[in-house]
Visitor: 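The structure follows.
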Amino acid sequence: MLKIQDLRKVYKKTVALQGVSFSVESKSAIGLIGDNGAGKTTLIKCISGLVAPTSGSVYFNDVNLIKNPKYIHNTVGALLEGARNLYNFLTVDYNLNYFGYLNQLSSKEISDRKAYLLKLFDAEKYKDQPVNELSRGTQQKIALMVTLMKNPQLLILDEPTLGLDLIATMRMTDLLRQIICEEQKTVILISHDMTLVSSLCDRVVYLKNGKVDFDEQINSIVNENIYEVKIKADHSMEDEIKNFDFPFRMEDGIYVLEVNDMDRMMKNRILKENIISIEKQVNDLAHFIRMRGL
């Protein structure tokens with residue numbers, strides 16, 4: 001189990017973390033979400049030993065990570081945003097070898113692990129290519145392979161699908177799901193894509209201003225059947241819209257509603273007759289925050 005207790009981090013006059021506490025069960029995955037500046041990056045840097053917290057503790061498998069940096073090195077793997085854990089001018093093969101030796105694997109362990117990952121990620125054809133010649137999606141795959149070379153027990157994924165197109169995102173999601181299941185990882189996933197979070201995680205921890213605002217099971221907060229309904233702006237309908245208790249806003253003189261019960265919506269004759277368009281809502285963090293009124 002990963003257990004974070006009353007973690008605080010202060011940079012000069014800036015308080016980045018204000019007593020963060022939560023736990024992650026062994027071999028489970030949680031989503032760590034929140035706006036930019038909420039403290040997510042500082043938190044994962046504290047967990048992975050890149051930043052020393054001002055106070056508080058982080059335990060993994062009953063080992064205090066803050067006091068045992070070597071244990072972090074052996075058990076924690078972090079995929080940083082933007083594939084920053086790669087050497088772009090080295091080939092895929094050299095990157096895997098380098099990080100294998102850096103993590104003190106034997107030559108046989110490197111060879112076996114590398115062969116397994118190249119096959120799993122269907123990346124054998126890229127083995128001798130420099131990383132900077134690969135597509136954005138392939139670079140992200142190689143960055144994940146590098147992170148997995150030492151077979152970490154705790155896997156931290158920071159925006160693993162950022163900048164990927166839809167097809168690459170779907171492939172990465174499938175790969176992550178397979179790795180989490182087959183290798184039984186404990187996972188912290190940071191992402192603004194709530195569809196990705198709901199696909200891979202059991203629960204979510206939402207950070208706001210350096211504090212845990214809520215910690216809930218994923219199925220209690222994510223509704224994938226959300227629709228954006230645009231309605232002609234007739235101020236006489238405002239009370240009618242408010243009675244539905246759906247989040248709404250005004251855009252260019254048009255009511256924009258976020259609806260998770262279309263049957264109920266369509267039974268209202270007045271609103272139905274004034275609908276301009278209905279679109280499936282993208283399930284991202286901004287939408288999630290609006291729906292929760294955060």
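Computation of the quantities below employed the complete heavy-atom set of this structure, encompassing side-chain atoms and omitting hydrogens, waters and symmetry-equivalent molecules.
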Visitor: Using side chain to side chain contact (heavy atoms under 4.5 Å, CB included), reason through Lys208 and Phe214 one step at a time and then give a plain yes or no.
Guide: CA-CA 9 Å; Lys208 185 176 182 179; Phe214 67 81; over 6 Å; no
Visitor: Side chains of His192 and Asn36: does their closest heavy-atom pair fall under 4.5 Å?
Guide: yes
Visitor: Consider only side-chain heavy atoms of I, L, V, M, F, W and Y, link residues closer than 4.5 Å, and tell whether Leu2 and Leu155 are in one cluster.
Guide: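 No.
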Visitor: Taking Gly39's backbone N and O only, do any of them form a donor-acceptor pair with Thr42's side chain (distance below 3.5 Å, no angle check)?
Guide: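 Not a single qualifying donor-acceptor pair exists.
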Visitor: Between Asp174 and Arg177, does any NZ, NE, NH1 or NH2 come within less than 4.0 Å of an OD or OE carboxylate oxygen?
Guide: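 Asp174 and Arg177: salt-bridged.
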Visitor: Within the side chain of Gln139, is there an N or O that forms a donor-acceptor pair under 3.5 Å with the backbone of Val131?
Guide: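 Side chain of Gln139 to backbone of Val131, a donor-acceptor pair under 3.5 Å: yes, one is there.
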Visitor: Could you check whether Arg249 pairs with Glu251 (Lys NZ or Arg NE/NH1/NH2 to Asp/Glu carboxylate O, under 4.0 Å)?
Guide: yes
Visitor: Measure across Asn64 and Ile66 and return the closest heavy-atom pair with its distance rounded to 0.1 Å.
Guide: OD1-N, 3.0 Å
Visitor: What heavy-atom pair brings Gly137 and Leu164 nearest, and what distance separates the two atoms?
Guide: CA-CD2, 3.4 Å
Visitor: Are more than 12 heavy atoms, taken from residues, nucleotides or ligands other than Asn243, located less than 6.0 Å from that residue's CG atom?
Guide: yes
Visitor: Is there side-chain contact between Ile30 and Val187, with heavy atoms separated by less than 4.5 Å?
Guide: no
Visitor: Over all heavy atoms of both residues, which pair between Thr186 and Glu25 is shortest? Give the atoms and the distance, please.
Guide: CG2-O, 3.8 Å
Visitor: Closer than 4.0 angstrom, basic N to acidic O: yes or no for Asp215 and Arg203?
Guide: yes
Visitor: Mind checking the CZ-CG spacing from Arg171 to Asp122? Nearest 0.5 Å is all I need.
Guide: 9.0 Å
Visitor: Side-chain contact, heavy-atom cut-off 4.5 Å: Leu271 with Met265?
Guide: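 Result yes, sub-4.5 Å side-chain heavy-atom pair found.
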Visitor: Should we count CZ of Phe89 as having more than 12 external heavy atoms under 6.0 Å?
Guide: no
Visitor: Kindly compute the distance separating CE (Met145) from CE (Met149), expressed to the nearest 0.5 Å.
Guide: 8.5 Å
Visitor: Within the distance-only criterion (no hydrogens, no angle test), does the side chain of Asn61 pair as donor or acceptor with the backbone N or O of Val63 below 3.5 angstrom?
Guide: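 Between the backbone of Val63 and the side chain of Asn61 there is no qualifying donor-acceptor contact (under 3.5 Å).
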Visitor: What closest approach, in Å, do Asp6 and Gly19 show between heavy atoms, and which atom pair accounts for it?
Guide: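 Taking every non-hydrogen atom into account, OD1-CA, 3.2 Å.
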Visitor: With a 4.0 Å cut-off on N to O distance, would you call Glu109 and Lys150 a salt bridge?
Guide: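 Judged by the 4.0 Å cut-off on N to carboxylate O distance, Glu109 and Lys150 do not form a salt bridge.
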Visitor: Does any non-hydrogen side-chain atom of Ile278 lie less than 4.5 Å from one of Glu228?
Guide: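 Contact flag for Glu228/Ile278 side chains = no.
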Visitor: Between the main-chain N or O of Ile270 and the side-chain N or O of Asn268, is there a donor-acceptor pair closer than 3.5 Å?
Guide: yes
Visitor: Roughly how far, to the nearest 0.5 Å, is the CG atom of Leu157 from the CD1 atom of Ile190?
Guide: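 Going from the CD1 atom of Ile190 to the CG atom of Leu157 covers 9.0 Å.
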Visitor: Would you say Val259 ends up clustered with Met250 if hydrophobic residues are merged whenever their side chains have heavy atoms under 4.5 Å apart, either directly or through other cluster members?
Guide: yes
Visitor: Can you find a side-chain donor-acceptor pair between Gln5 and Ser57 that sits under 3.5 Å?
Guide: yes
Visitor: Can you confirm whether Phe22 sits close enough to Leu43 that some side-chain heavy atom of one is under 4.5 Å from a side-chain heavy atom of the other?
Guide: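 SC-SC contact between Phe22 and Leu43 confirmed.
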Visitor: Test side chain to side chain contact (heavy atoms under 4.5 Å, CB included) on Lys232 and Ile276 and set out the steps.
Guide: CA-CA 7 Å; Lys232 293 176 186 175; Ile276 298 172; 3.8 Å; yes
Visitor: Do you know which two heavy atoms are closest between Lys40 and Leu32, and how far apart they sit?
Guide: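 Looking at all heavy atoms of both residues, the shortest contact is CD-O, 3.8 Å.
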Visitor: Compare all side-chain heavy atoms of Ser107 with those of Ile110 and state whether any distance is below 4.5 angstrom.
Guide: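 When only atoms from C-beta onward are counted, Ile110 and Ser107 do not touch, as no gap falls below 4.5 Å.
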Visitor: Can you give the donor-acceptor pairs under 3.5 Å from side chains of residues 46-56 to other protein atoms, not counting sequence neighbours?
Guide:
unit_1	atom_1	unit_2	atom_2	d
Ser48	OG	Ile44	O	2.7
Thr54	OG1	Val10	N	2.8

Visitor: Go through the steps for Phe246 and Glu258 under the test side chain to side chain contact (heavy atoms under 4.5 Å, CB included), then give the verdict.
Guide: CA-CA 6 Å; Phe246 294 140; Glu258 292 175 343; over 6 Å; no
Visitor: Looking at every non-hydrogen atom in both residues, tell me the closest pair between Arg136 and Leu162 and how far apart they are.
Guide: NH2-O, 3.1 Å
Visitor: Looking at Thr75 and Tyr71, would you say the former's side chain and the latter's main chain have a donor-acceptor pair under 3.5 Å?
Guide: yes
Visitor: Quick check for you: to the nearest 0.5 Å, what is the distance between Tyr255 atom OH and Ile241 atom CD1?
Guide: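 The distance works out to 5.0 Å.
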Visitor: I need the Met1 CE to Ser28 OG distance, nearest 0.5 Å.
Guide: 8.5 Å
Visitor: Verify, without hydrogens or angle tests, whether Asp193 (side chain) and Leu196 (backbone) share a donor-acceptor contact under 3.5 angstrom.
Guide: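 Answer holds: yes.
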Visitor: If we ignore hydrogens and angles and just use 3.5 Å, is the side chain of Gln18 paired with the main-chain N or O of Asn209 as donor and acceptor?
Guide: yes
Visitor: Walk me through it: do Ile4 and Ser21 pass the test side chain to side chain contact (heavy atoms under 4.5 Å, CB included)?
Guide: CA-CA 5 Å; Ile4 298 163; Ser21 298; 5.7 Å; no
Visitor: Do Leu86 and Leu176 belong to the same hydrophobic cluster, where Ile, Leu, Val, Met, Phe, Trp and Tyr are linked whenever their side-chain heavy atoms lie under 4.5 Å apart, directly or via other members?
Guide: yes
Visitor: Which residues pass the side chain to side chain contact (heavy atoms under 4.5 Å, CB included) test with Glu183, sequence neighbours left out?
Guide: Arg113, Tyr116, Leu148, Asn151, Ile179, Lys185
Visitor: Would you give the length of the straight line joining atom CD1 of Ile142 to atom OG1 of Thr147, rounded to the nearest 0.5 angstrom?
Guide: 11.0 Å
Visitor: Just so I know, are the side chains of Ile231 and Val229 near enough to count as touching, which here means a heavy-atom distance under 4.5 Å?
Guide: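 In contact.
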Visitor: Taking the side chain as every heavy atom from C-beta outward, state whether Asp158 and Leu79 have any pair of such atoms under 4.5 Å apart.
Guide: no
Visitor: Among the clusters formed by ILVMFWY side chains lying less than 4.5 Å apart, do Val146 and Leu154 turn up in the same one?
Guide: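 Shared cluster, no.
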Visitor: What I want to find out is whether Asp62 reaches Lys3 closely enough, with some N-O distance under 4.0 Å, to be called a salt bridge.
Guide: no
Visitor: Can you say whether the rings of Tyr87 and Tyr98 are parallel (under 30°), tilted (30 to 60°) or perpendicular (over 60°)?
Guide: perpendicular
Visitor: A cation-pi test, strictly: NZ or CZ of Lys119 under 6.0 Å from the centre of the six-membered ring of Phe121 and no more than 45 degrees from its axis. Yes or no?
Guide: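 Geometry flag: not set, cation outside 6.0 Å or 45°.
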Visitor: Is there a path from Met172 to Leu118 through hydrophobic residues (I, L, V, M, F, W, Y) whose side chains come within less than 4.5 Å of each other?
Guide: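 Result: yes, single cluster for both.
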Visitor: Quick check against the 3.5 Å criterion: does Thr91 have a side-chain atom that pairs as donor or acceptor with the backbone of Tyr94?
Guide: yes
Visitor: Is the backbone of Ala29 close enough, under 3.5 Å, to the side chain of Asp202 for a donor and an acceptor to pair up by distance?
Guide: yes
Visitor: Strictly distance-based, threshold 3.5 Å: is any side-chain N or O of Gln184 a donor or acceptor partner for the main-chain N or O of Cys181?
Guide: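 Answer holds: yes.
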Visitor: Take atom NZ of Lys125 as the centre, draw a 6.0 Å sphere, and report whether it contains more than 12 heavy atoms from other residues, nucleotides or ligands.
Guide: yes
